Amino acid sequence: MGTTAAAALCLATVLVHVLLVFLHVAPPNPLSQQYSRQVNAWVFPLFEQNWRLFAPDPESVNRQIVARTMHTAPDGSVRVSDWSDLTAVDNAAVRHNPFPSHTAQNMLRRAWSCYLETHGSDDLPRTQRALMTQRYLANIAADRVAARHGGAFESIQLRVVTVPVTAPAAAGGTRPAAVAPKPVETRYLPWWKVESHGN
């Protein structure tokens, strides 16, 4: 009896998931517009669907995302950690791995892309989706720092360094002189409270 109920529950969950993802990727229609809030709450950020598999938009920049943490001791003293390179950890997990995980390849990168899409340069979340994206990015960073370095902390800050990819050299080995190189951008995000890690 319990197995049948569990199977029915799993089947119902799968059917609801497929329906909600279908409404997300389908062209706008009265049903998807009426239930857009519920559909978006289910789809973002874990089940987002897009057409980049078929029409990829290659990265034109390299990003280095680093994080540092802050812990306030019971005596009121504040300790700030050194910067931890989250991008380097992801790159090391992918390099020389014939079957790298989706988590190592895309989770941090996609979380940052979503953050850029939902936030302005002032880093203030103005919608529920922006706030959710901010929390998602902060939680990924906090979990990775905690797994790698341990220690107690309650707040986290990210620094994102964006380096433009240089144009490939022409056949004769020369680079086009007409295109001026774009500058390296460094962006410091505000300190975010996260779930307490460590003791």
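Side chains are part of it too, since the values below use all heavy atoms of this structure and drop only hydrogens, waters and symmetry mates. Numbering starts at 1 and runs along the sequence shown. None of these values were measured; they are calculated from a predicted model.
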- Would you say the side chain of V161 lies within less than 4.5 Å of the side chain of R159, judging by non-hydrogen atoms? yes
- Do L137 and L158 come within less than 4.5 Å of each other through their side chains, counting heavy atoms only? yes
- Message: With a 3.5 Å distance limit and no angle check, can you tell me whether S32 reaches the backbone of P28 through a side-chain donor-acceptor pair?
- Response: no
- Item | Nearest heavy atoms of T127 and A130, plus distance in Å | OG1-N, 3.0 Å
- Check the hydrophobic clustering (I, L, V, M, F, W, Y; side-chain heavy atoms under 4.5 Å; chains of links allowed) and say if L131 and Y115 are grouped together. no
- Query: Are side-chain heavy atoms of H71 and V78 found at a separation under 4.5 Å?
  - Reply: no
- Is there a side-chain contact between R187 and L116 (heavy atoms, below 4.5 Å)? yes
- Message: Under the criterion salt bridge (charged side-chain N to carboxylate O under 4.0 Å, His left out), I'd like the reasoning laid out for R144 against D90: C-alpha separation, chi angles, the key distance, then a yes or no.
- Response: CA-CA 10 Å; R144 293 194 181 186; D90 282 1; 2.5 Å; yes
- Does the side chain of L124 reach to within under 4.5 Å of the side chain of H119, using non-hydrogen atoms? no
- Apart from V14 itself, which Ile, Leu, Val, Met, Phe, Trp or Tyr residues share its cluster (side-chain heavy atoms under 4.5 Å, direct or through members)? V18
- Residues H24 and W42: side-chain donor-acceptor under 3.5 angstrom: no
- Taking the side chain as C-beta and beyond, is there a heavy-atom pair between V184 and T162 under 4.5 Å? no
- Should we count CD of Q38 as having more than 12 external heavy atoms under 6.0 Å? yes
- Task: Enter the distance from R148:CZ to D85:CG here, rounded to the nearest 0.5 Å.
- Result: 9.0 Å
- Query: Got a donor-acceptor contact below 3.5 angstrom from the E154 side chain to the V194 backbone?
  - Reply: no
- Query: When rounded to the nearest 0.5 angstrom, what distance separates CG in L23 from CD in Q33?
  - Reply: 11.0 Å
- Message: Tell me if a side-chain donor or acceptor on S155 pairs with a main-chain N or O of M70 at a distance below 3.5 Å.
- Response: no
- List the steps, then state whether side-chain contact (heavy atoms from CB on, under 4.5 Å) holds for I65 with L108. CA-CA 9 Å; I65 301 175; L108 183 63; 3.9 Å; yes
- Sequence neighbours excluded, which residues qualify as side chain to side chain donor-acceptor pair (under 3.5 Å) partners of S84? H149
- So do N62 and V165 actually touch side chain to side chain, heavy atoms under 4.5 Å? yes
- Same cluster for I156 and Y136 if Ile/Leu/Val/Met/Phe/Trp/Tyr side chains link at under 4.5 Å? yes
- Task: Would you give the length of the straight line joining atom CD of Q157 to atom CH2 of W191, rounded to the nearest 0.5 angstrom?
- Result: 5.0 Å
- Heavy-atom closest contact (V43 atom, L20 atom, distance): CG2-O, 4.2 Å
- Message: Hydrophobic cluster membership, with links at side-chain heavy-atom distances under 4.5 Å among I/L/V/M/F/W/Y: are W112 and M107 in one?
- Response: yes
- Do other residues, nucleotides or ligands put more than 12 heavy atoms under 6.0 Å from the CG atom of D122? yes
- Distance-only, no hydrogens or angles: does the R79 side chain make a donor-acceptor pair with backbone N or O of A152 under 3.5 Å? yes
- R63 side chain reached by R109 side chain, heavy atoms, under 4.5 Å: no
- Message: Could you see if V145 belongs to whatever hydrophobic cluster contains W83? Use Ile, Leu, Val, Met, Phe, Trp, Tyr and a side-chain cutoff under 4.5 Å.
- Response: no
- Task: Flag yes if more than 12 heavy atoms outside R135 fall under 6.0 Å of its CZ atom; otherwise flag no.
- Result: no
- Task: Taking the six-membered ring for Trp and the single ring otherwise, decide whether the centroids of W192 and F153 are under 6.0 Å apart.
- Result: no
